[in-house]
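Notes follow once the structure below has been shown.
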Amino acid sequence: MARDGSVVPADPQAMALVKKKTQSSRSWILFDASGQGSLLDVDKYAIMHRVQIHARDLRILDPLLSYPSTILGREKAIVLNLEHIKAIITAEEVLLRDPTDDNVVPVVEELQRRLPQVGSGHQQEADGKEYNVGQHDMEGAEEDESPFEFRALEVALEAICSFLAARTTELEMAAYPALDELTSKISSRNLDRVRKLKSAMTRLTARVQKVRDELEQLLDDDDDMADLYLSRKLASASPVSGSRGGGGAWFAASPTIGSKISRASRASLATVHLDENDVEELEMLLEAYFMQIDGTLNKLTTLREYIDDTEDYINIQLDNHRNQLIQLELFLSSGTVCLSFFSLVTAIFGMNIPYTWNENHGYMFKWVVIISGTISAVTFLLIIAYARKKGLVGS
């Protein structure tokens with residue numbers, strides 16, 4: 001791949017064989033309206049010149065920088081940063097970053113599969129050809145009702161929602177058995193396992209929450225959704241304005257930008273006369289994936305509640321054992337007090353002090369020992385019986 005902006009046709013098998021070391025932060029793949037992909041290795045200035053966006057918009061697509069999920073609508077492009085999916089969508093092409101990444105390869109394949117139907121539909125409508133009445137073509141024509149940028153946006157949203165849903169399912173499959181095992185047996189190993197799962201759940205929840213908030217923010221603002229209608233803005237613009245920018249220098253054999261705008265204008269002639277604030281089509285698209293990502297977030301919320309309930313149950317168990325240990329300590333202390341009667345008797349009779357009652361009264365020592373021993377033994381047996389009744393000691 002040349003660094004002067006030249007392109008190489010994309011082959012899925014060849015892309016899978018590209019080595020990681022040849023992959024740089026400037027690796028892109030470009031899809032046109034016909035679904036044909038071309039690998040690019042260009043700098044950010046060429047990308048900015050091509051799609052006419054600012055450097056601050058391109059910065060959020062830098063894989064070396066950590067930016068939250070964002071969908072930005074610009075005059076001639078949609079800047080898309082959804083986790084590993086980093087793309088720039090225009091009315092006629094899609095630029096996708098790092099196409100050889102394992103998580104991005106399914107997105108590349110999906111774009112190659114779905115974009116050609118959109119391109120062929122617009123070409124038929126522009127050239128005035130008759131539609132085939134076959135079942136396959138009727139389905140393709142029905143799919144081609146959406147603009148090109150919405151098709152590409154739908155692929156990205158579907159991919160990120162499916163990706164996050166799969167990660168959530170994997171987390172659920174690992175978390176619920178671990179929590180049940182911790183409930184049945186409290187150990188350091190189980191506690192450490194649940195701690196790691198809870199940390200993973202917290203990170204995943206933050207990622208899902210950000211995507212959901214971004215979609216919700218778009219749905220709440222009609223102006224932001226209107227900015228995503230690139231085909232409408234392109235169709236309403238003058239064909240002469242397409243000659244600005246010189247972006248067509250990358251594809252010398254491709255049609256000029258002016259001819260593309262003319263075809264798009266004829267294809268979207270009915271759209272031009274619609275209200276520019278009509279965003280019902282995009283709203284329905286975003287609403288569908290908002291419900292899907294909201295369902296994923298609800299699963300994570302349910303999992304968090306289950307973890308919290310398990311923690312409360314574990315804390316109750318630990319408190320119960322702690323109370324039992326305190327009671328056992330109290331009973332043992334009582335037993336120690338009872339046994340201290342023997343020490344008291346020994347201390348009294350072991351003192352070297354002459355007592356008048358000590359002479360010719362040796363039987364008193366025996367009686368004192370017998371009485372104190374009996375009291376201590378009975379008290380100790382009562383304590384043991386009470387402890388067994390409460391389950392503090394074994395039978």
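Values below: all heavy atoms of this structure, side chains included; hydrogens, waters and symmetry mates excluded.
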Q. Which distance, rounded to the nearest 0.5 Å, do you find between the CG of Asp308 and the CG of Leu303?
A. 9.5 Å
Q: State whether Arg59 and Asp62 are salt-bridged, where the test is any N-O pair (Lys NZ or Arg NE/NH1/NH2 against Asp/Glu carboxylate O) under 4.0 Å.
A: no
Q.
Measuring from atom OG1 of Thr296 to atom CZ of Arg167, what distance do you get when rounded to the nearest 0.5 angstrom?
A. 11.5 Å
Q) Considering the options Leu219, Leu218, Leu153, which one meets the side chain to side chain contact (heavy atoms under 4.5 Å, CB included) requirement together with Leu282? A) Leu153
Q: First locate atom CG of Leu171, then atom CG of Leu164, and finally report the distance between them rounded to the nearest 0.5 Å.
A: 12.0 Å
Q | Spacing of Ile314 atom CD1 and Leu191 atom CG [to the nearest 0.5 Å] | A | 7.0 Å
(Q) Between Asp213 and Gln217, do the side chains contain a donor N or O and an acceptor N or O under 3.5 Å apart? (A) no
(Q) When you compare the side chain of Val51 with that of Lys76, does any pair of heavy atoms fall below 4.5 Å? (A) no
(Q) For Glu149, is there an ion pair with Lys233 - N to carboxylate O distance below 4.0 angstrom? (A) no
Q | Distance (rounded to the nearest 0.5 Å) between Ser69 OG and Lys86 NZ | A | 8.0 Å
Q. Considering only heavy atoms from C-beta outward, does the side chain of Leu65 approach that of Ile60 to under 4.5 Å?
A. no
Q.
Consider side chain to side chain contact (heavy atoms under 4.5 Å, CB included). Of Val42, Val94, Leu95, Leu39, which one does Leu30 pass it with?
A. Leu95
Q: Could you go through the salt bridge (charged side-chain N to carboxylate O under 4.0 Å, His left out) check for Asp192 and Lys196 one step at a time?
A: CA-CA 6 Å; Asp192 184 68; Lys196 294 179 180 179; 3.5 Å; yes
